[in-house]
Structure formats: structure tokens, C-alpha cells
Amino acid sequence: MSIVVFTEKNKAAAQIAGILSEGGFSRASIEGVPVYDFKKDGKEWRIMGLSGHIMGYDFPPELNNWRGCDPSVLLDTPPVKTVTKQPFASAIALLCSGADQIILACDFDREGENIGFEAKSLAEKVSNCPMKRARFSTLSPGEIKQAFSNLVEPDVNLAMSAEARQILDLKMGAAFTRFLTLAVQQRARTKEIISIGPCQTPTCGFVYEREKLIRDFKSKDFWKIEATFNHSGIDFTGMHRSGHIHDKAKADEIFSRIKGSKTGILVKKSVKESTTSPPYPLNTTEFLKRASKFLGISPENALEIAEQLYLSGFTSYPRTETNKYADDFDFQAKVLGFASGEYREYALAILSKPPVTCRNGTRDGHDHPPIYPIKAATKADIEKSVRIPDAWKVYDLVARHFLANLMQPAVFEKTHLEIGVKEEIFDTTGSVMKDPGWLAAYPFETKNDKFLPDIAVKEEVVIKKLSNTKSQTTPPKRLTEAELLTLMDKNGIGTKATAPSHIETNKKRGYFETKGKTISILDTGFTLMEALDSSVPILVKPAVRSRIEALIQEVEDGKKGFEDALEEGSVLIRDMYSHLITNKDQIVRNIAGTITDEQIAADKKNFIGQCPECGRMLRMVKTDNGRFVGCSGYSDCRKTYPLPKEGALTVARSKECKNAGIAVLKVGTKYFWSVGVGPCFKCEHEKECFPPDVVGPCPKCEGSMFILEMKENRFLACTRKCGHTQSLPKEGKLTIAGECEQCGWKRLSIKETGKDKKGKAVANPEKEAGVRELCINLRCPSRTGRKA
DNA sequence: GCAAGGTC
């Protein structure tokens, strides 16, 4: 009797072989794919790990030339499924031809079932033996043994729901992406791909919606009246009960009534105990959010680390929607495992108050338990098995979160004081932690005490300061990665496992970027979203995904046939596509315009700045009839500025025009020209903007020596024009490089280009070319060799 | 060259 088992990945195959064989297995290789063999109860077991999906959909080859077919054809053509990882397919055929039973043991979820079916479809070509399914959600010995002694039938609906998703996602992504990319490339000389997808686009949509709120925000003035009190040597602040006052007259009126007051009276005092409950158990999204917020680890990295911790047996399966434990989850046993070592004190605190109970969440994806530590581990244990930076930090978070979840609420004493100043009331609150409860195990959440002095009602407090300050309401903040993950999760965008990758896709496409933990939209992303929002609004919103998700859920539940779901999904996509076509011109014009503008801005040689008339880009334009500054919005915008007729033009980026010019240009080596203002030598600000490069005092008169660069000559001249001059090195680029310590003149750095001082080419330019630095003063001791 | 979902 020979039993063949397929798992989703190699590491899981090795783990399962270890568990089922009690450690006595050997490793073989078929077509380069590892296989784990052992004998048990007279049966021969062979366990092979796949590599996620080993098959994939694509369009028939004749549709792979983008320009060779209209993208809409993709919507009516069924894609074809082929093997994408041939060694696995060959290995499956070899393994299964002599099998008496085949067990699919991939992860217990939609894609896992589908991956199992990929192996099943290949196995069926060489074998007609029974094929069963082992279902488990952790690689713990108990659960694995349980799963393999209670095999079930493979779930065809579950597998086909994933199939429908693959096809619909590919159709939509390919058709929309090709259509927009080709149309935009036609208008703007670019090789960028404008990609659209049912997950990446609404993800960008969230960032876009927030950006709109920020851009449209109109700030309002408000006033707040605050007091600094003192009692028994302790300062504390109170705020006038009116809070934010939007009417200045009202704020002034209140303030005039209390201004100059020296004391206040405690009118009322209340002390309440409040508790803060521990967090819910971790599901994937909550885990990724906390890893980003508390540890500063990006969602992508955090998921990778959690995957490795799972494969090494430290933590449970990291891809789960569920944040509540099953009724029979044995907390007692798990916590006992932590009763020695790092987390001892928390484990003992939990065990001292039996029975051990958790604070459960409300989400149950019927998939896997929440993420929890399978076993207690030390930093050294983790670092030995999981060689990724921050693996320990992630394990520590998971372990502490697990324990915190089982601990008592934190208890705070909250004090509220009402202090009367004349007839006006000021409020102040304090908070002191009485019992840290779960917070003891969870240093990531910090709750600072805010102490208040002990005052009795009717007692007097001293007023140290009263203020009436003007403030402004602030626009909403940019989204953080943690917030974006929350939005994606709430709206069902991507799976718990892929959310990080959709964020990455948008970054790769140049739609948005992350700065630290916050996300800002980029021009291409904003324009694309804006264009889609006005033509096919559903594309920018989560609905585009949830419609398809609902369809495939029906397939999974057996309520809808696979073909019916495909057809309904295709109708939806065709409908969106037709709206895109209708608005093609406007969409493409906007996106191409933005891309063109970005290219212009990147062309440092000719880029001038933003057009004050239309907001697009100004750049230098050279034609047969001469040169000028023009706007990228031409012909809608006809803004132009003249340029001098002769001389090489370079944009002096460091110069800013004091006379409202858009940018300052250097004309040859002669003079400066401000776009929109004209030649700088006719401007009253010229001396301010372009002070001479003074290098030291004139040795002959009261004037100063400055660098005078002429067309074919350069030397030092006196600002008083006394006639004194000094020569300068003829070759190389001159830059002033600080002050000489010996004589106080400026030092000069000279960047040479393979020529000697006399301008002759050096024998070995590689070696001799370079930067040298010297004091510019010919009389300086550093040059004459005399002492200062 | 296109998506999203697995895994390396």
C-alpha cells in the first residue's frame, strides 16, 4: 500500500512527514523536487510539497501581442490553464502512477483547495486511485494526526471558486491595463504601464479619497481659552468649558471677564475608576497593522516573517480572518508552556486566576484560529531557526499579544476637576494607572499617567497663566499603512495575505509612495483615479471587488454554478469597459498630460516651473524661429515668456528671483535672466541676488577682491576698481570651499579634467585628473612657505 | 509587458 501526500509547500511536507513518521523519514528527490518517505503500519508514505500554484491562466498565444488585438477581445476569450512549474508536474506523474491513495494536504482555504486540485488534475492523468483531503490549520502534531485519521472528500466548489476568481481577475486586469497603457503611450512618449486591477485600483482609490479631503480642506479659525493652575507645588492646565470657540468676539468677551484673575476655586471633583480591556486575538490584518504601528515593519515584511515563524513551528498559521478562539481551545496548556522563561510573570499571573479565559473578537472566517505562539521560545531559538531580521520582534509581539489577551483589564483612576474662575468653568482631567493588568505584558501600548494635585472642593488654586489663543482647524492627515490595511480589510480588498502586495504594486507603478509610515499619492496616481472616478466610478471603489467576491462566494457555497458565475462576472466587466471606451479621449488626455508634465519636470535642462495660468509645466522650447518658455498645456494654455536671443542658457536652480520671476537662468557666463522679469542687470535687486564672489581684502586699497569670470579669461579684481588684480588657475571648475585658517581668505577647490596647469593633457589623466584645493591668496603663508 | 493568488 502506497500513500502519496501533496502539501502546499516543501517546508510543510517536511513538518508533516516528521509528525506522521515520528521523526523516522528519509529524503529523496524526484525531478529535483524533495519528497519525504517513510513506512508506517505496513504502508509506504511519500509526501511532496508543491510551490503554491503550479498552474496558471493565460490568454492563448495569438492574443499575447498587445498591439495585435483589441483589448476588448480579451473579455470574450476564455483564458487557458497550463502548467507553470513543469518539474512539479513531472514529479506528480511519477509519484502517482503507482499510488494506492492520494491525500491533498494543502492549506485549508480557497487557494489551498485549488492548489490541491491542480495536483489532483495532474494525478488523474496517471492514476484512478481514491483522492482524499486532510484538513488542518496548524502544523501541530495533534492537529496533523487528527486530520490524517479523519480524511474528508476534496471540496470541488471551494476549488472552483478560486478558479472563477483567477479568470475574472485576469480578464479585467489584462483588458483594462492594455487599453489604458496603449492609449496613453500613443499620446505621451512613455514606456510606463498604466495598470488596473480589482484590488490594486481600489487600494489606490482609498489614498486618492483621502488626498481629495486634504486638498479640499478649508481651515477655520478658532480660539481656545486655557489656564495654568498651581496647587501644592504642582502645575496643571485646564481648558475653558466652551472648548474650541469659533467666534472671536465670544472668546474675547469670556476672556475679558476673567483676565487678571489670580485664583480659582475647585467647584466639583469626580473620581472614577475606568478599565481598558485587552485587545482581541490577532488575525492577519490586525497583526500587520500592529507590526507596522508598533514595530515599524512593513506589511510585506511582517507577513514574510510570520510565514517563516509558522513554518518553523513557532507560531500558528499567519493567514487568518478569525479573531476568536474555538470553545475547546486549551489555553491552560498553552500558557503552562510559558510558565518558565521570558514571559514567566505574565503566565503565572494568568494561571493564578483560573479558569483561563480570553477576550474574544467577533470575526470568524471558519478558516484558522487567531495567530498565537505554538510554543515558548527564546530570542536565540528564533534567531537560530528564522534568519530574517526582526523575526524575534515579531514573535515577541505575537507571544505578548497572546498572553495579554488572557490577562485582566487595566484599571485607571480618572479624575475630573471643575475649576471656577469668576463665573467661568475650566475643566481638567487626570489619569493614574492603578493596575496595569494586560498592559504589563504589552509594552507597545503606552499609557502615561497624568497626575493632578490632591485638592478638596471649595479649595483655592493659584492661576499662573491665562491665555486666549487663536488656532486653526487642521486638514485630515495622510493615511498610514496601518490605516490603509484597515480600509482594505473592512472593504474586502485582497485577502489577508495579499493586502501588502497591493500596496507594493501601487508604489511600483508610481501611483503613491510611502514616507515613513504615511502614504502620499503621486501625480500619476491622482490623475488616473480622478479620470476613472469621473468615467467608471465603481473602479475606484471597493464595490468592484466585492461584486466579484460575492459571485465566487456563491460558487464556494454551492449556490451558483461555475459557468454562471463566470458569465455574470464577465457582464459586469464588459459594462465597466464600455464606460471606459465612451470616455476614452478625456481620460487619456488627462493621464498623458500628467505623464508628460512629469517628464518635463524630470528634464532638468529645460524645466522652468509651474505655469501660473493653468498649473501645468513651463519649459524652454527651441524652434527654428527662436526660443521661448512655453506651457505644456498648449494649446489650451497659450502662456509664453521671452528668452534672450543669444548665449547658452542654464537654469540656476539655487537662485530665486526676488521680483516674482518663475526661474533664474544664466546666460553664457555674462549675466542672469529671470523668466518673466527680463535681464537681471536691469533689476533693482541685482546686487542682492548676485553679490560678487568676494574672496578677501584688497592688499592695495579698502576694497575687496572678487572672482571676475570673463569669456576667455578669469582673475581676481578689486571691487573698488583700484586696478589691483591677481591671476587664477586657467583650467578647471572653480568653487569656493570655505575659509583659509592661516590668512582668512577663501579657499578654492579646482576640479580638473585630465589637463595640467598649463592646459596640456597629462600623461595619465585617470590618475592625475581630480580635485585639488588651495588658498586663493598668493601671499598666504600656506603658499609662500613662510610662517604666519 | 497585463491581475491576484500561492510560494522561494
Side-chain angles (χ1 to χ4, degrees), chain A residues 6-13 32-34 48-59 61 63-75 77 79 81 84-85 87-88 106-119 159 161-185 190-204 284 300 303-304 306-308 310-311 317-319 387-388 488 492-506 508-509 539 544-545 548-549 552 569 573 577:
Chain A
F6 293 110
T7 66
E8 192 153 323
K9 47 199 161 273
N10 179 44
K11 275 198 176 179
V33 181
M48 186 177 104
L50 304 172
S51 178
H53 287 286
I54 56 169
M55 300 174 87
Y57 276 102
D58 204 351
F59 289 104
L63 297 186
N64 276 345
N65 176 4
W66 286 34
R67 292 170 196 281
C69 69
D70 189 280
S72 69
V73 174
L74 304 174
L75 299 177
T77 312
K81 195 172 193 181
T84 50
K85 289 170 186 159
F88 289 91
C106 296
D107 297 346
F108 176 28
D109 54 26
R110 207 180 259 165
E111 296 301 325
E113 199 72 19
N114 189 276
I115 291 163
F117 269 65
E118 290 175 10
S161 67
E163 207 82 356
R165 181 205 53 74
Q166 290 175 25
I167 294 170
L168 292 172
D169 285 351
L170 175 61
K171 279 194 173 186
M172 177 187 159
F176 284 60
T177 301
R178 284 192 198 183
F179 170 77
L180 280 176
T181 302
L182 292 174
V184 169
Q185 283 182 358
T190 175
K191 285 180 177 170
E192 299 290 320
I193 287 173
I194 310 292
S195 70
I196 298 290
C199 289
Q200 55 169 280
T201 305
T203 298
C204 193
T284 307
E300 206 182 35
L303 190 61
E304 169 63 18
E307 171 79 16
Q308 293 303 321
Y310 156 69
L311 291 171
Y317 189 65
R319 291 184 273 267
R387 295 174 188 276
I388 312 179
M488 295 172 75
I493 298 303
T495 68
K496 57 249 171 190
T498 59
S501 78
H502 301 311
I503 297 178
E504 294 301 314
T505 303
N506 277 290
K508 185 176 134 201
R509 294 283 182 235
L539 262 181
V544 64
R545 185 70 191 164
I548 291 184
E549 176 61 33
I552 60 179
I573 296 169
Y577 191 82

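Proteins get letters first, then strands, A, B, ... in listed order; numbering begins at 1 in each. All heavy atoms count here, side chains included; hydrogens, waters and symmetry mates do not.
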With a 4.0 Å cutoff (strictly under), does any side-chain N or O of Gln200(A) reach OP1 or OP2 of dA4(B)?
yes
Name the nucleic acid region contacted by Ser51(A), choosing base, sugar-phosphate or nothing; use a 4.0 angstrom heavy-atom cut-off, strictly under.
base
Nearest-nucleotide pick for Glu304(A), side chain only, options being dC2(B), dA4(B), dC8(B):
dC8(B)
Any N or O donor-acceptor pair linking the side chain of Asp169(A) to the base of dC2(B) at under 3.5 Å?
no
Of the listed nucleotides dG6(B), dG1(B), dA4(B), the one nearest the side chain of Gln185(A):
dG1(B)
Students often get this wrong, so: under 4.0 angstrom with heavy atoms, is Pro71(A) touching a base, only sugar-phosphate, or nothing?
nothing
Nearest to the side chain of Glu8(A), which nucleotide is it out of dT7(B), dC2(B), dG5(B)?
dT7(B)
Residue Asn64(A), side-chain atoms from C-beta onward, closest of dG5(B), dG6(B), dC2(B)
dC2(B)
Nearest heavy-atom contact between Arg319(A) and Ala497(A) is CD-CB, 2.8 Å
Upstream residue (5' side of DNA chain B) when Arg67(A) and Asn10(A) are each assigned their closest nucleotide:
Arg67(A)
Looking only at side chains, do Thr495(A) and Thr498(A) share a donor and an acceptor under 3.5 Å apart?
yes
Just checking Ile196(A): base, sugar-phosphate only, or nothing, at a heavy-atom cut-off of under 4.0 Å?
sugar-phosphate
Contact class for Tyr57(A) (heavy atom, under 4.0 Å): base, sugar-phosphate, or nothing?
base
Looking only at the side chain of Trp66(A) (C-beta and beyond, no hydrogens), which of the listed nucleotides dA3(B), dG1(B), dC8(B) gets closest?
dG1(B)
Residue Ile193(A), side-chain heavy atoms: nucleotide from dG1(B), dT7(B), dG5(B) that is nearest:
dG1(B)
Tightest non-hydrogen contact, residues Leu50(A) and Ile115(A), listed as CD1-CG2, 3.7 Å
With a non-hydrogen cut-off below 4.0 angstrom, is Gly112(A) in contact with a base, only sugar-phosphate, or nothing?
nothing
